[in-house]
Amino acid sequence: MAKRAEKLKLGAFLMPAGHHLASWRDPEAQADAGMNIGHYVAVAQMAERGLFDMIFLGDRIGFVAEEREILKRTNRNIAHFEPITLLAALSQVTQTIGLAATQTTSFMEPYNLARKFASLDHMSNGRSAWNIVTSHTQDECLQFGMDQHFEHGVRYDRAQEFVEVVCGLWDSWEDDAFPMDKEEGTYFRPEKLHVIGHRGQYFSVKGPLNVSRPPQGWPVLIQAGTSGPGKELSARFADVVFTAEQDIRPAKAFYSDLKSLTGKYGRAPSDIKIMPGVMPIVGSSRAEAEDNFGKLQDLIHPDVGVNLLSLMMETDMSGFPLDEPFPDVDVSGKWSRAKMIKDLARERGYTIREAYKNVASARGHRTLVGTPADIADGLEEWFDAEAADGFNIMPPVLPGDLEVFVRTVIPELQRRNLFRTAYEGTTLRENLGVARPCFGAKNGSHQD
């Protein structure tokens, strides 16, 4: 198979104590990580030493307080910093690594979100990224005066309009709008100011934004949906697409399908970097790695495992016996991850217990277990096969597993000429190799 000319891209997807559901119970974990700024400073700087393109923060706004007897056994979404606030702090203790935060279009207003990310892009000198999500859980909508979430199709229709408005607001000012000429007494050039004047189906936003155009033009846009509407949103706007795939065949099909959609929106396939999630379990030998993984899996309490499976399936799975075959639950109209979990469980003959262990380890993402060379083999295979442009690395336990990856796997990837030995630029767009949008590139709705 021919080698690709470009280098692969890497994100460090940081959950507080690590991605494994039982990570906080590991003896080496930082149990209070979600509210420990020193912890985040250390892992962000560690990822930058490893030359990662970005750190990536997921976010979920609420949790179901009625499930406290189950949730008492997990740190998942219970106590953690608001991501943009956290990244603003980390922007001051890092130099080059990108700073990506998840923010939902379902419970935010375009103006406030545009203002926050534009500010972060300025604070970081062009390193911010927005992971666009629509949210899918009932507990989140209850925090915003809603009894029921938007129907799936409506969520994505709103998201399309939301992103269009945000990009228009980022183009409120042309790049050279602010001469700040003290002698002439001209702070900005009026002809360089543009008012979006948006009135759509879901949003009415006049503008302009009271933050100058971001250093990157627009912060990098990331999207994670794999449904039909999600892929359309990605093809139109996304610079990076985060996916959950465990098998190379569907991963290649998704890669090819999404890249082929870009022409519909006047974009090139190379304008999007597709980065599946990967949880690496690294050991000095395969036996050691397998042993490490087994110990983590054994820390999952069944109540917590079934609860996570229920959330991801959008179906109460607590009534099914743990050690009988996975049931034929209806996943129509539900989150795309639900169908993937069901299909995988049925294909592999999983029980409920085996399914929740599979989900709990990486929440439906690919898990690689082995030596540094084994991990590099797994990444190289998908990269060369055009199943991925890079990967969002999901350390199972923090800080230790990120340190091991940086110390052992990164040098192996560099030895194979698969990964950079120095940052190519200073902004996230430059390091990812995605173009800086020219003024008004994708937004035709704003008016002078």
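Just so you know, these numbers use all the heavy atoms, side chains as well, and skip hydrogens, waters and symmetry mates.
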Within the 3.5 Å criterion, strictly below it, is a donor on [X] or [Y] matched to an acceptor on the partner's side chain?
X: Asp389; Y: Tyr255; value: yes
X: Glu290; Y: Asn292; value: no
X: Tyr350; Y: Arg348; value: yes

Worksheet item: So which of Cys167, Ser124, Pro214 actually passes side-chain contact (heavy atoms from CB on, under 4.5 Å) with Pro219?
Response: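 The residue from Cys167, Ser124, Pro214 that satisfies side-chain contact (heavy atoms from CB on, under 4.5 Å) with Pro219 turns out to be Pro214.
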
Shortest non-hydrogen contact from [X] to [Y]?
X: Met313; Y: Val329; result: CE-CG2, 3.5 Å
X: Lys252; Y: Ala387; result: CG-CB, 3.6 Å
X: Arg213; Y: His122; result: O-NE2, 3.2 Å
X: Leu379; Y: Phe391; result: O-CZ, 3.3 Å
X: Met54; Y: Ile222; result: SD-CD1, 3.9 Å
X: Asp121; Y: Ser128; result: OD1-OG, 2.8 Å

Side chains of [X] and [Y] in contact at under 4.5 Å (non-hydrogen atoms):
X: Phe326; Y: Ile352; result: yes
X: Leu57; Y: Phe81; result: no
X: Glu161; Y: Asp157; result: no
X: Leu113; Y: Trp130; result: yes
X: Leu258; Y: Ser234; result: yes

With rounding to the nearest 0.5 Å, note down the distance linking [atom1] in [X] to [atom2] in [Y].
X: Leu368; Y: Trp382; atom1: CG; atom2: CH2; answer: 8.5 Å
X: Ile341; Y: Leu309; atom1: CD1; atom2: CG; answer: 6.0 Å
X: Asp59; Y: Gln103; atom1: CG; atom2: CD; answer: 6.0 Å
X: Trp170; Y: Leu221; atom1: CH2; atom2: CG; answer: 5.0 Å
X: Asp401; Y: Asp26; atom1: CG; atom2: CG; answer: 7.5 Å
X: Leu233; Y: Thr134; atom1: CG; atom2: OG1; answer: 9.0 Å

Is it the case that the side chain of [X] and the backbone of [Y] share a donor-acceptor pair, with hydrogens and angles ignored and the cut-off at 3.5 Å?
X: Ser256; Y: Ala253; answer: no
X: Ser310; Y: Met317; answer: yes
X: Arg436; Y: Glu430; answer: no
X: Tyr423; Y: Phe52; answer: yes
X: Glu48; Y: Gln95; answer: yes
X: Arg158; Y: Phe203; answer: no
X: His39; Y: Pro16; answer: yes
X: Arg420; Y: Asn431; answer: yes
X: Gln216; Y: Arg429; answer: yes
X: Arg4; Y: Phe383; answer: yes

Item to complete: Kindly indicate, with the supporting measurements, whether the criterion side-chain contact (heavy atoms from CB on, under 4.5 Å) is fulfilled by Leu51 and Ile410.
Response: CA-CA 9 Å; Leu51 303 175; Ile410 292 291; 5.9 Å; no

Under 4.0 Å between a side-chain nitrogen and a carboxylate oxygen: does that hold for [X] and [Y]?
X: Asp247; Y: Arg366; answer: no
X: Arg407; Y: Glu403; answer: yes
X: Asp323; Y: Arg353; answer: yes
X: Asp377; Y: Arg416; answer: yes
X: Glu412; Y: Arg415; answer: yes

[X], [atom1] atom: more than 12 neighbouring heavy atoms under 6.0 Å:
X: Arg286; atom1: CZ; answer: no
X: Glu424; atom1: CD; answer: yes
X: Glu6; atom1: CD; answer: yes

Worksheet item: Could you walk me through whether Lys231 and Phe254 pass the side-chain contact (heavy atoms from CB on, under 4.5 Å) check?
Response: CA-CA 9 Å; Lys231 286 193 286 190; Phe254 176 84; 3.6 Å; yes

Discussion item. side-chain contact (heavy atoms from CB on, under 4.5 Å), that's the test. Do Ile300 and His20 meet it? Break it down for me.
Written reply: CA-CA 9 Å; Ile300 304 167; His20 195 278; 3.5 Å; yes

Item to complete: Would you sort out whether Gln30 and Leu398 count as a side-chain contact (heavy atoms from CB on, under 4.5 Å), showing the intermediate values?
Response: CA-CA 7 Å; Gln30 184 75 41; Leu398 287 173; over 6 Å; no

Worksheet item: Hey, which of Asp328, Asp330, Thr315 is the one that makes side-chain hydrogen bond (donor to acceptor under 3.5 Å, both in side chains) with Lys342?
Response: Asp328

Worksheet entry | Near-ring test Phe242/His365, centroid separation under 6.0 angstrom |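 Close enough - the centres of the two rings lie under 6.0 Å apart.
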
